[in-house]
Amino acid sequence: QVQLVESGGGLVQAGGSLRLSCAASGRTFSIYTMGWFRQAPGKEREFVAAIRRTGNTYYADSVKGRFTISRDNAKNTVYLQMNSLKPEDTAVYYCAGDRTVTYSDHFGVSRYDYDYWGQGTQVTVSS
């Protein structure tokens with residue numbers, strides 16, 4: 001099994017920055033793609049960004065150019081650097097892991113593409 005624990009959420013003013021971390025433990029070798037999703041009240045959980053073990057990345061259009069996903073394989077940790085935050089970025093942010101090994105350029109953006117989930121961390125951006 002794999003356990004994912006997010007940290008780094010909080011309250012920030014619009015235009016500010018936050019860095020989220022996701023520490024993986026357990027059978028971490030089974031994770032090929034790590035992703036971040038978010039869910040605002042009353043809305044569906046939506047894809048934010050993903051990174052493969054190879055380092056390839058993919059972003060939702062809404063965060064492209066503002067957010068950066070990275071991973072430290074030695075520490076089994078994934079990061080989400082969030083800059084130029086907007087009130088509409090307010091949500092619970094979830095870390096996710098996918099076991100599927102693929103060499104395709106296509107990234108899964110559905111929550112059902114991922115096998116493991118963290119408990120989430122709240123990000124609130126005030127205007």
So how far is it from Thr33 OG1 to Asn56 CG, rounded to the nearest 0.5 Å? 9.0 Å
Please confirm whether Phe37 and Tyr114 have ring centers closer than 6.0 angstrom. yes
Rounded to the nearest 0.5 Å, what separation is found between the CZ atom of Arg111 and the CG atom of Asp113? 11.5 Å
Nearest 0.5 angstrom please: Asn73 CG to Thr28 OG1, how far? 9.0 Å
Scan the side chains in residues 17-24 for donor-acceptor partners under 3.5 Å anywhere in the protein, sequence neighbours excluded, and list what turns up.
unit_1, atom_1, unit_2, atom_2, d
Ser17, OG, Asn83, OD1, 2.9

Tyr94 reachable from Val78 in the ILVMFWY side-chain graph, under 4.5 Å edges: no
Of all heavy-atom pairs between Trp36 and Ile69, which one has the smallest distance, and what is that distance? CD1-CD1, 3.6 Å
Contacts under 3.5 angstrom, residues 116-127 side chains, donor-acceptor by atom type, not counting sequence neighbours:
unit_1, atom_1, unit_2, atom_2, d
Gln119, NE2, Glu6, OE1, 3.4
Thr121, OG1, Gly9, N, 3.3
Gln122, NE2, Ala91, O, 3.4
Gln122, NE2, Thr124, OG1, 3.3

side-chain hydrogen bond (donor to acceptor under 3.5 Å, both in side chains) partners for Asp89, two or more places apart: Arg38, Arg66
Report the distance from atom CG of Leu80 to atom CZ of Phe67, rounding to the nearest 0.5 Å. 6.0 Å
Determine whether more than 12 heavy atoms belonging to other residues, nucleotides or ligands lie under 6.0 Å from atom CZ of Arg27. no
Between Ile31 and Val2, which heavy-atom pair has the shortest distance, and what is it? CD1-CG1, 3.5 Å
Of the non-hydrogen atoms in Gln3 and Gln1, which two are nearest, and what is the gap between them? NE2-CB, 3.7 Å
How far does CG of Asp98 sit from CZ of Arg52, to the nearest 0.5 angstrom? 8.5 Å
Output yes when a side-chain donor or acceptor of Ser104 lies under 3.5 Å from a complementary backbone atom of Thr102, and no otherwise. no
Distance, nearest 0.5 Å, that separates OH of Tyr32 from OH of Tyr103: 5.5 Å
Looking at every heavy atom in both Met34 and Cys95, which two are closest together, and how far apart are they? CE-SG, 3.4 Å
Within a radius of less than 6.0 Å around CZ of Phe47, do more than 12 heavy atoms belonging to other residues, nucleotides or ligands occur? yes
